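Encoded as structure tokens, the structure appears first; notes follow it.
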Protein chains: 2
Amino acid sequence: MSPVSVPMPTLPVRAEVASQFALLADPLRLKIVEALSREQLCTCHLVDITGARQTAISNHLRLLREAGAVVSEPEGRYTWYRLVPGAFTEALRALSGFAHDGPDAAHLRPACATPVG
Amino acid sequence: MSPVSVPMPTLPVRAEVASQFALLADPLRLKIVEALSREQLCTCHLVDITGARQTAISNHLRLLREAGAVVSEPEGRYTWYRLVPGAFTEALRALSGFAHDGPDAAHLRPACATPVG
DNA sequence: GTGTGATGTCAGCAAGCGCTGATGAGTCAG
DNA sequence: CTGACTCATCAGCGCTTGCTGACATCACAC
């Protein structure tokens, strides 16, 4: 049994990490997350910043909210949004593992052809 | 500062960063990238690791190859794939900016109502 | 040369996703 | 109360994406 057969011990919940990446995979949503990482904003701000329609912003905010990436705080007729601090921690950890240059690992080549048949 | 009116000076090419995140947004592709970050592998390995069909693996590898995230090296009847070291650098940088806890920025609330209207 | 195995590519299908317009709830000013 | 404004939700549409099966290509063993 080569290390190939070992079923990925690094990430505990790959689907969750993939979901975090999926949240950042859309340019508009990335723009929203980027803006919210700097300061709290309400929907009207995000509409102004991104230039997108209010409904589109609201849809993306709902996705982010349901995923636990942002929290909403209604205040009067405005609703303030802010980024949850540890929302993308697992994604960052996974990506850090990928992005680090692995010169040794890059040359590893496990046995390929199945030995018996 | 009035970051609301400034149209996002942080990331130069948001669409490209979003594309890098999109590459990691699929669980199967994430599994492939994770495996290739540790060692070079050929398609038969990835089929064995992921349990997916060969055509699905090949499709995902083609996406990763076209995006410049992996490189292929045919050798005999096998094709070795390895991760390009700096493939996700920009995504990592963007995510690092998001993930860092910003206690001060989290309390900033720019003026909301349009001044003149 | 022939057979087997590994790999890439193509067309087709189903599902998910993002945008839009319309609508309704809630809030503030007059 | 009425009007203006902010925001969320819904249904609908189009596009993209991922998976599958079928087929073609290439390399190795005999």
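Protein chains get the first letters and strands the later ones, always in sequence-line order, with residue 1 at the start of each. The structure displayed is predicted, hence computed values, not measured ones. These values consider heavy atoms only, across backbone and side chains, with no hydrogens, waters or symmetry-generated copies.
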Between the protein and nucleotides 16-21 of chain D, list every N/O to N/O distance that falls short of 3.5 Å.
residue: D:dG18; atom: OP1; partner: B:R29; partner atom: NH1; Å: 2.8
residue: D:dG18; atom: OP1; partner: B:R29; partner atom: NH2; Å: 2.8
residue: D:dG18; atom: OP2; partner: B:R29; partner atom: NH1; Å: 3.2
residue: D:dC19; atom: OP2; partner: B:H60; partner atom: NE2; Å: 2.3
residue: D:dG21; atom: OP2; partner: B:R53; partner atom: NH1; Å: 2.3

With no angle test and no hydrogens, is the base of C:dA6 tied to the side chain of B:Q54 by a donor-acceptor pair under 3.5 Å? no
Nearest-nucleotide check on DNA chain C, A:G76 vs B:V47; residue mapping nearer the 5' end is B:V47
Drop me the distance from A:R14's CZ to B:L28's CG, to the nearest 0.5 angstrom. 9.5 Å
Starting from P on C:dT7, measure out to CD on B:E75 and report it in whole angstrom. 12 Å
Separation of atom CG in A:L61 from atom P in D:dT6, rounded to whole Å: 16 Å
Give the rounded distance in Å between these two atoms: CD1 of B:I57 and P of C:dG8. 11 Å
Can you find a pair of side-chain heavy atoms, one from A:L41 and one from A:I49, that are under 4.5 Å apart? yes
Going by the rule salt bridge (charged side-chain N to carboxylate O under 4.0 Å, His left out), which residues pair with B:E16 if we only count those two or more places apart in sequence or in a different chain? none
Take the protein atom CG of A:D48 and the nucleotide atom C1' of D:dT6, then report the distance between them rounded to whole Å. 14 Å
Quickly work out the B:Y81 OH to C:dT7 C1' distance and round it to whole Å. 8 Å
Quick one: pull up CD in B:Q20 and CZ in B:F88 and give me the separation to the nearest 0.5 Å. 6.5 Å
Nearest-0.5 Å distance, NE2 of residue B:H45 to CD of residue B:E39: 7.5 Å
I want to check one thing: is the phosphate of D:dA8, taken as OP1 and OP2, less than 4.0 Å away from some side-chain N or O of A:Y78? no
What is the distance, rounded to the nearest whole Å, between atom CG of B:L64 and atom P of C:dG8? 12 Å
Are A:T79 and D:dC7 close enough that a side-chain N or O sits under 4.0 Å from OP1 or OP2? no
Which whole-number value in Å describes the distance from A:L23 CG to C:dG18 P? 9 Å
Comparing A:R77 and A:R62 on DNA chain D - which has the more 5′ nearest nucleotide: A:R77
Gap separating the OG atom of A:S19 from the CD atom of A:E90, nearest 0.5 angstrom: 10.5 Å
Assign A:T43 to base, sugar-phosphate, or nothing according to its heavy-atom contacts below 4.0 angstrom with the strands shown. sugar-phosphate
For residues 55-72 of chain A, please give each side-chain donor-acceptor pair under 3.5 Å, one per line with the distance, not counting sequence neighbours.
residue: A:N59; atom: ND2; partner: A:T55; partner atom: O; Å: 3.2
residue: A:H60; atom: ND1; partner: A:R29; partner atom: NH1; Å: 3.3
residue: A:R65; atom: NH2; partner: A:Y81; partner atom: OH; Å: 3.4

